[in-house]
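Comments concern the structure below.
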Amino acid sequence: MYVFFMKSIITALAVGVVLSAAAVEPSEQVRQLASNYYAYPYTTSPAPAQTPAPKGYKPFHIEHYGRHGSRWHIGTGMYRNPIKLLEPAERNNKLTPRGKEVLAQLRDIEKDSRGRDGELTPLGAAQHRGIARRMYANFPEVFADGSHVDARSTVVVRCILSMDNELQELLAANPKLNITSDASRADMYYMNFTDTDTVAANAAKLAKQQLADFHASNKPGYGFVNKLVSDPQFAADSIKADALFYYLTKLSANAQSHYGMPAFYDLFNQEDLDKEWLNDNASWFVRMGNSKLTDNLAAFSQRRLLHNMIASADTAVTSAKPGANLRFGHEVCVLPLVVLMELDSYGDEINDLSEVAAKWKNYEIFPMASNVQMIFFRPEGSTNPEDVLVKVLLNEREVKLPVATANAPYYKWTDLRNYYLKKLERIPD
């Protein structure tokens with residue numbers, strides 16, 4: 001088996017798009033350009049601090065939806081195809097020394113990937129255990145003796161294992177919790193309602209041409225091939241540079257989902273990686289962001305999930321008992337859910353794709369193990385919904401909500417509930 005060298009993840013930094021012709025170092029900024037392959041930033045670094053609740057208010061309930069943790073790539077072709085793309089140069093003795101090294105590394109990685117298609121990695125498990133530890137430490141009243149924690153997962157194994165790791169950590173913190181869990185196709189209509197949703201799919205098609213034009217204007221260069229293949233003419237004739245660029249950048253992006261897997265960033269310059277991210281960010285925005293280009297409909301793919309969270313919260317706020325409803329799924333749900341809920345500025349309308357990167361950065365929303373936590377607070381002894389306050393965490397960071405408050409990040413639950421229900425009337429479902 002390939003021996004990975006242990007690495008630690010650096011504290012997250014704010015990212016701007018920096019252009020450079022020099023070879024790239026795998027900094028935190030570069031890791032963030034991995035979009036949905038960006039590893040959860042608080043696995044080894046401190047998570048954001050929490051603002052104390054108003055005087056007399058205690059947390060009593062959590063509504064949650066989280067993405068699975070770091071995983072292997074989905075599809076064996078992600079590991080096999082770059083090898084096939086470089087083998088013609090190997091057969092014709094056209095590989096540079098670095099090309100030979102890269103090909104050997106690719107073969108080692110491919111060997112390790114066999115049978116692991118899309119599976120949770122050890123780092124992915126650690127991400128969820130850390131999230132659970134901090135959830136318990138931040139809101140211990142929710143997890144008091146006898147509290148009911150109900151967890152649901154999509155039927156995908158990496159999501160089930162992510163759920164299991166969080167539940168095991170919560171149970172270790174308090175063995176007296178009443179925990180139930182399930183992973184059933186019966187829940188998929190709201191837990192992973194994406195591929196079958198014609199509303200969001202048709203909305204994304206409306207901006208197809210604009211997205212194609214945007215991609216064409218930000219096409220990365222493929223000079224990296226000269227670091228791998230010694231004969232430029234052979235490379236031009238026999239190496240599919242665009243495909244090789246795709247596979248090597250995606251493998252590099254997902255290397256951070258493993259402890260020490262090698263990446264290939266030394267092959268690329270910053271400008272090409274920036275262009276690749278600009279295109280990827282715009283693609284995710286068209287599919288799931290808020291824009292007149294898509295009739296402001298794309299994020300409504302998660303209308304069923306938001307309805308479910310509201311209905312579950314309605315039950316909780318009339319009960320005297322604390323508890324939590326935890327859901328484990330995918331980034332294709334987290335991202336549009338955040339837009340639909342209008343967390344911070346992620347739900348803002350953007351109608352020019354050239355403006356998206358300055359206002360909407362996908363890696364801030366849906367890294368591996370990304371999560372939305374709605375934390376409910378009330379005065380002790382009250383079961384009156386009018387007394388309930390709520391704050392929302394995106395990846396454990398307090399966010400602004402789309403209703404008025406004089407006490408941010410705390411908002412009146414009935415105000416937020418009514419706002420969302422009114423919004424959801426647009427598509428009865």
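Side-chain atoms are counted along with the backbone in the values below, which use heavy atoms only and exclude waters and symmetry mates.
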Would you please indicate if the ring centroids of His73 and Tyr79 are separated by under 6.0 Å? yes

Sub-3.5 Å donor-acceptor pair from the side chain of Ser370 to the main-chain atoms of Pro367, do we have one? yes

Taking Asp187 first and then Arg327, would you say they form a salt bridge - that is, a charged N and a carboxylate O separated by under 4.0 Å? no

When rounded to the nearest 0.5 Å, the distance separating OG of Ser45 from OH of Tyr40 is 9.5 Å

With no hydrogens and no angle check, just 3.5 Å: does a side-chain donor-acceptor pair link Gln302 and Tyr65? no

Can Phe264 and Gln105 be said to form a side-chain contact (heavy atoms from CB on, under 4.5 Å), step by step? CA-CA 10 Å; Phe264 308 103; Gln105 289 175 318; 3.3 Å; yes

Who passes salt bridge (Lys or Arg N to Asp or Glu O under 4.0 Å) against Asp150, sequence neighbours left out? Arg152

Verify the distance criterion only: is there a donor paired with an acceptor across the side chains of His148 and Thr180 at less than 3.5 Å? yes

When you check the gap from the basic side-chain N to the acidic O, do Arg107 and Glu110 get nearer than 4.0 Å? no

Salt bridge or not between Lys219 and Asp242? Use side-chain N to carboxylate O under 4.0 Å. no

Taking atom types as modelled, find out whether Asn325 and Glu63 have a side-chain donor-acceptor pair closer than 3.5 angstrom. yes

Ser382-Asn384 side chain donor-acceptor pair, cut-off 3.5 Å: no

Would you call Arg417 and Asp314 a salt bridge, using N to O less than 4.0 angstrom? yes

Name the orientation class of the two ring planes belonging to Tyr363 and Trp277 (parallel below 30°, tilted from 30 to 60°, perpendicular beyond 60°). tilted

Quick one: do the Ser312 and His61 side chains pair a donor with an acceptor below 3.5 Å? no

Regarding Arg134 and Glu169, does a basic nitrogen lie under 4.0 Å from an acidic carboxylate oxygen? no

Glu380/Lys58 salt bridge by N-O under 4.0 Å criterion: no

Closest non-hydrogen atom pair, Tyr346 against Trp360: O-NE1, 3.2 Å

Quick one: do Arg426 and Asp295 make a salt bridge, cutoff under 4.0 Å? yes

Between Tyr420 and His307, is the ring centroid distance below 6.0 Å? no

Crowding at CZ, Arg80 (>12 non-hydrogen neighbours, <6.0 Å): no

Lys/Arg-Asp/Glu bridge criterion (N-O < 4.0 Å) met for Lys412, Glu386: yes

Please evaluate residues Asp344 and Leu394 with respect to the criterion side-chain contact (heavy atoms from CB on, under 4.5 Å), reporting the C-alpha separation (whole Å), side-chain torsions for both, the decisive distance (0.1 Å), and the verdict. CA-CA 9 Å; Asp344 275 350; Leu394 172 59; 5.9 Å; no

Pair Asn362, Asn36: side-chain N/O donor-acceptor within cut-off below 3.5 Å: no

Will you find, in the side chains of Thr154 and Asn192, an N or O donor that is under 3.5 Å from an N or O acceptor? no

Treating Glu349 as the side-chain partner and Asn296 as the backbone partner, does any N or O pair qualify as donor plus acceptor under 3.5 Å? no

